[in-house]
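Here is the structure we will look at.
Only heavy atoms go into these numbers, but all of them, side chains included; no hydrogens, no water, no symmetry mates.
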Amino acid sequence: MAVSRYSLEICRGISTTIVCHGKRNFRKFPLYNKRGTKLFKKEQSENPDPDLFHDLGVRPTGYKRGDTFVEVPEMIPELVVPDLTGFKLKPYVSYRVQDVIQSEFTPKDLFDAVYSEKIVNDFKNGKLDESGEPLEPSPEEQLKPEEAFLQARKTGTDIFQ
């Protein structure tokens with residue numbers, strides 16, 4: 001009695017045929033400048049195709065408008081590094097430091113931090129009119145809501161200055 005055994009080996013293979021110059025076989029693997037034969041790379045360098053250009057994972061600092069590249073200053077990365085000359089603290093935080101528990105910063109807290117002191121001083125010094133408006137308003141108090149909204153969203157503004 002003969003027993004036949006069937007063995008099925010499963011192995012993965014990568015096709016590197018010349019038909020597509022190796023372009024369509026590696027869609028999920030970002031292997032930059034590794035595809036194609038030497039002849040194909042030579043043809044590509046002599047006649048570059050703008051659709052095949054890649055940026056190696058680097059984010060652009062602008063956009064193309066027609067044939068020109070328009071650079072946008074807000075898209076350029078900016079590294080903010082403080083000057084630590086004469087800084088006496090150590091560059092690490094110990095694990096033995098107690099946790100700091102701080103409540104959420106609400107709009108009321110923001111109002112108290114920015115305007116409450118001036119309002120109290122104006123009230124004590126009698127610099128408010130009958131309707132409660134200040135007689136000598138600060139530049140922030142003279143802004144209309146639309147102007148304040150636009151000013152807060154300008155490039156480079158920081159609420160913690």
Requested in this report: Verify side chain to side chain contact (heavy atoms under 4.5 Å, CB included) between V97 and S94, making sure each step is shown before the conclusion.
Outcome: CA-CA 6 Å; V97 172; S94 172; 4.1 Å; yes
Report task. Take F69 and T61, measure what side chain to side chain contact (heavy atoms under 4.5 Å, CB included) needs, and give me the verdict at the end. Result -> CA-CA 9 Å; F69 184 78; T61 58; 4.1 Å; yes
Requested in this report: Any chance you could lay out the side chain to side chain contact (heavy atoms under 4.5 Å, CB included) test for T68 and K64, step after step, and finish with the verdict?
Outcome: CA-CA 6 Å; T68 59; K64 285 190 83 168; over 6 Å; no
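Note: K118 NZ to K127 NZ = 7.5 Å, rounded to the nearest 0.5 Å. Rounding to the nearest 0.5 Å places CD1 of I119 at 8.0 Å from CG of L128. Taking CD from E71 and OH from Y63, the interatomic distance works out to 11.5 Å, rounded to the nearest 0.5 Å.
Within 6.0 Å of the CD atom in E78, the count of heavy atoms belonging to other residues, nucleotides or ligands does not exceed 12. With a 6.0 Å radius and a threshold of 12 heavy atoms from other residues, nucleotides or ligands, E74 has its CD atom above the threshold. Within 6.0 Å of CZ in F149 there are 12 or fewer heavy atoms belonging to other residues, nucleotides or ligands. Surrounding CZ of F123 are at most 12 heavy atoms belonging to other residues, nucleotides or ligands under 6.0 Å away.
Between the side chain of D109 and the backbone N or O of T106 there is at least one donor-acceptor pair closer than 3.5 Å. Remark: the backbone N or O of E133 is paired with a side-chain donor or acceptor of D129 at under 3.5 angstrom.
M75 is connected to V70 through a chain of hydrophobic side-chain contacts under 4.5 Å among Ile, Leu, Val, Met, Phe, Trp and Tyr, so both are in one cluster. If you chain together hydrophobic residues whose side chains sit under 4.5 Å apart, L150 and L143 never meet in one group.
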